[in-house]
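Data block below; observations after.
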Amino acid sequence: MKRGMRVNIAYFLTPKNSVSYLYDDFTFRQGLEKMRRHGYSAIPVIARDGAYLGTVSEGDFLWRLLDTEDARDAALTKKAAEKLRVQDLLRDNTYTPVPITASMEQLLSLALNQNFIPVVDDLGKFIGIVTRKDLLSRLCRQVDLLSEAQLQKIV
């Protein structure tokens with residue numbers, strides 16, 4: 001693929017309706033339960049209007065538990081877990097989103113450090129994700145096709 005070449009991200013995109021995500025106003029407990037149910041280590045966070053706000057990880061939940069004053073005496077109580085919101089867990093070093101017009105170079109660069117890349121529209125609304133697995137699968141297929149074409153030329 002040529003450097004900076006635009007790709008149709010829609011080919012790789014797992015649309016929002018097929019992606020698990022958390023709303024920023026979910027309680028700490030709701031967020032943790034949803035992550036546990038789906039078995040994810042990180043999950044996108046969006047506002048009720050659909051704007052992408054960031055990503056939270058299991059570690060974010062864990063660190064919040066350890067940083068909570070209640071944690072000194074005992075485990076975070078269910079009552080305290082209802083007061084905290086997912087938005088309280090968001091940090092600056094979140095998964096970087098890309099616009100739907102991103103280049104393959106941008107996707108691959110982010111995939112080095114992110115399991116998935118959030119995709120947003122022109123208004124910053126969350127429209128889905130591109131997973132590292134899907135990118136790698138596509139690249140492997142392309143390499144296989146190139147190898148077959150080179151073998152055909154030799155034969």
Gln30 side-chain N/O to Thr27 backbone N/O, donor-acceptor pair under 3.5 Å: yes
Test item: Glu58 side-chain N/O and Ala42 main-chain N/O as donor-acceptor pair under 3.5 Å: no
Any side-chain donor near an acceptor of the partner, Ser137 and Asp134, under 3.5 Å: no
Spatial distance of atom CG (Leu90) from atom CG (Asp24) [nearest 0.5 Å]: 7.5 Å
Between CG on residue Leu32 and CD1 on residue Ile43, distance to nearest 0.5 Å: 11.0 Å
Within one Ile-Leu-Val-Met-Phe-Trp-Tyr cluster: Leu136 and Leu13, side-chain cutoff 4.5 Å: no
Cluster link Leu108 to Tyr11, ILVMFWY, side chain under 4.5 Å: yes
Validate the cation-pi geometry between [X] and [Y]: distance from NZ or CZ to the six-membered ring centre under 6.0 Å, angle to the ring axis within 45°.
| X | Y | result |
| --- | --- | --- |
| Lys125 | Tyr52 | no |
| Arg132 | Phe116 | no |
| Lys34 | Tyr21 | yes |

Residue pair Val45, Phe26: steps toward the side chain to side chain contact (heavy atoms under 4.5 Å, CB included) verdict: CA-CA 10 Å; Val45 177; Phe26 275 10; over 6 Å; no
Residues forming a ring-ring contact (aromatic ring centres under 6.0 Å, His included) with Phe61, sequence neighbours excluded: Phe28
Full working for side chain to side chain contact (heavy atoms under 4.5 Å, CB included) between Phe12 and Ile117: CA-CA 11 Å; Phe12 300 104; Ile117 300 106; over 6 Å; no
Side-chain ion pair, Glu33 and Arg29, N-O less than 4.0 Å: yes
Intermediate values then yes/no, salt bridge (charged side-chain N to carboxylate O under 4.0 Å, His left out), Arg48 and Asp25: CA-CA 8 Å; Arg48 290 288 175 174; Asp25 61 358; 3.1 Å; yes
Side chains of Ile129 and Val119 in contact at under 4.5 Å (non-hydrogen atoms): no
Heavy-atom closest pair, residues Asp60 and Thr55: OD2-O, 3.9 Å
